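Owing to the predicted nature of the structure, the values given are computational and were not obtained by experimental measurement.
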Amino acid sequence: MRQTSFRSSWVVLSAGVLSIAATVGWSQSITWLGSLGGTSQAYGVSADGSVVVGWSFTYGGPDHAFRWTRATGMQDLGTLGGSFSGAYGVSADGSVVVGKAVDAASQWRAFRWQNGVMQDIGVLPGDTEGVAYGVSADGSVVVGETRFGSVQWRAFRWQNGVMQDLGHLGGNNSTAYGVSADGSVVVGNTYNANFNMRAFRWTLAGGMEDLGSLPGGNYNIAYGVSADGSTVVGVSGSRAFRWTQTTGMHDLGSLGDGVPSKAYGVSGDGSVVVGSTFDASVQQCAFRWTPAGGMEDLNQTYASLLTDGSRLIEARAISPDGRYIVGYGFRPQSTEAFLLDTGARCTAHNGDVDNNNCVDDADLLAVLFAFGNSGLGREDVNCDGVVDDADLLMVLFNFGGGC
């Protein structure tokens, strides 16, 4: 009865709604981010593509962490008193950066940077060094590893000044690389009792779970995770994989016959994966994978943006909406970090915001709560760049569909 009333209330608007449903095109561009004096690589991007983080060689020689914005260019984030640093993750709004930096005692330490201040977040008991690889959307949860020399390394989850040991699967060592938007799901790699490297997914409720492997894949690492923690990407053996709770681990293939591939990043809804592989001529190239299109070479898809002979080598991260991709590439004179605006801000759909094959109250509420915001996710149903009346109408018109 409820679904019928919604439909009858808005059926007169069907023609207008259907006309709005088409995907709106966006301009495409690539921005080479420069450097602090040498080569540079990008590892993280904010939700709106306005902030990119990574590392770059400086004019003095050592590599330093950077934070890049269109307004300021590349900013050197400094160190913790030593010579080196590198940034690997950034919060959704770009205000929090995490990575590693050398301190005055020449030890690598995990850092969290905010408002111009680089904070050493410490190590697990008994360890001396650390690295932070991932950060939650709001910047409050940090994940990575701490080490005692080359003997042991342990995955950690840090929140509110408290660092938690995430454990292992029987072989002692573990590393955390990615974390869900709310900080509740962590992914990485560990060793099992047989000393095989396993990709893991850790949750607050269930602890550490072995994600399995592709055939013959004893070397397994999980690098990235979707916003809700349900999709994980990484490498198993020599092939990129995408794992979901419903389908398990799936081989994403490669662009050349039998060549290796690695998946590093995944969009917020888990539908777009980026990484690195080799093409048929055994040239390394950045890739993007989608369920509909499979794996594509970004150098071919965006060839019109690479007319100076540049080549995209690795795609390391992707924005939650799938629009922005960062990594590094070869330029005629250097290796340099890039920001690729694919122009594909989102994919228009029928109003099923949470992608559960049922247009219901949850989808309606999601649009209402996001109403007026710029379109950064599935709440922007028609992909016109803003969550507004048109998106609300799409949900109402299709209310009850698939349920």
Side-chain angles (χ1 to χ4, degrees), residues 27-35 38-45 52 54-57 63 177 197 199 213-224 233-243 249-267 271-319 322-344:
S27 60
Q28 301 171 346
S29 66
I30 187 166
T31 303
W32 295 97
L33 305 187
S35 73
T39 60
S40 62
Q41 297 185 13
Y43 287 88
V45 60
V52 181
W55 64 264
S56 171
F57 284 114
D63 47 299
Y177 287 107
M197 186 179 290
S213 65
L214 297 175
N218 288 329
Y219 173 86
N220 301 274
I221 302 176
Y223 286 112
V233 300
V235 59
S236 177
S238 62
R239 302 299 281 264
F241 76 76
R242 178 177 179 265
W243 176 98
M249 188 176 289
H250 171 64
D251 185 346
L252 299 187
S254 65
L255 294 172
D257 185 18
V259 300
S261 57
K262 290 183 178 181
Y264 292 114
V266 61
S267 60
S271 67
V272 186
V273 183
V274 296
S276 181
T277 186
F278 293 82
D279 62 18
S281 60
V282 200
Q283 292 192 81
Q284 190 176 1
C285 54
F287 77 76
R288 176 177 58 191
W289 178 96
T290 61
M295 186 177 289
E296 60 182 319
D297 183 348
L298 293 180
N299 295 282
Q300 294 183 6
T301 304
Y302 300 100
S304 62
L305 305 177
L306 301 168
T307 56
D308 63 350
S310 299
R311 183 173 181 80
L312 307 180
I313 300 301
E314 284 197 345
R316 299 293 310 210
I318 186 170
S319 60
R323 177 173 179 174
Y324 300 98
I325 299 171
V326 299
Y328 74 92
F330 292 157
R331 305 205 68 195
Q333 302 299 323
S334 65
T335 299
E336 193 170 330
F338 69 79
L339 166 64
L340 174 63
D341 181 350
T342 69

Quick one: does R288's side chain get under 4.5 Å of Y302's, heavy atoms only?
yes

So, do L214 and M249 sit near enough that their side-chain heavy atoms are less than 4.5 Å apart?
yes

Give me the one residue out of T31, L33, V52 that meets side-chain contact (heavy atoms from CB on, under 4.5 Å) with V326.
V52

Within this structure, what is the CD1-OG distance for the pair I318 and S267, rounded to the nearest 0.5 Å?
5.5 Å

With rounding to the nearest 0.5 angstrom, report the OG to CD distance, S310 to Q333.
10.0 Å

Provide the closest heavy-atom pair for A315 versus I325 in the form atom of the first, atom of the second, distance.
CB-CG2, 3.7 Å

Here the gap from L312 atom CG to R331 atom CZ, rounded to the nearest 0.5 Å, amounts to 10.5 Å

Polar side-chain atom of N220 near backbone of M197 as donor-acceptor pair, under 3.5 Å
yes

Quick one, S276 and S261 - any side-chain contact, counting heavy atoms below 4.5 Å?
no

Heavy-atom check, side chain of E314 versus side chain of Q284, under 4.5 Å
yes

Over-ring placement of R316 relative to Y43, 6.0 Å and 45° cut-offs:
no

Closest non-hydrogen atoms of C285 and L255, given as atom of the first, atom of the second and distance, are SG-CD1, 3.7 Å

Can you measure from OG1 (T335) to CZ (F330) and round to the nearest 0.5 angstrom?
5.0 Å

Geometric class of the Y177/Y223 ring pair [parallel <30°, tilted 30-60°, perpendicular >60°]:
tilted

Between S254 (side chain) and G256 (backbone), is there a donor-acceptor pair under 3.5 Å?
yes

Neighbour count above 12 (heavy atom, 6.0 Å) for D308 CG:
yes

Does A337 offer a backbone N or O that forms a donor-acceptor pair with the side chain of Q41 under 3.5 Å?
no

Working note: W55 + T39, criterion side-chain contact (heavy atoms from CB on, under 4.5 Å); need CA distance, chi angles, decisive distance, verdict.
CA-CA 9 Å; W55 64 264; T39 60; 4.1 Å; yes

OG of S334 to CZ of F57: how many Å apart, nearest 0.5 Å?
12.0 Å

Picking from L252, V259, D297, what satisfies side-chain contact (heavy atoms from CB on, under 4.5 Å) with T277?
V259

Note: F287 and W289 closest approach over all heavy atoms is CD1-N, 4.0 Å

Non-hydrogen side-chain atoms of L305 and L340 separated by less than 4.5 Å:
yes

Compare all side-chain heavy atoms of S35 with those of E336 and state whether any distance is below 4.5 angstrom.
no

G34 backbone acceptor or donor facing S40 side chain under 3.5 Å:
yes

Shortest non-hydrogen contact from V282 toward F278:
O-CD2, 3.8 Å

Please confirm whether the backbone N or O of Y324 pairs with a side-chain atom of T342, one donor and one acceptor, at under 3.5 Å?
no

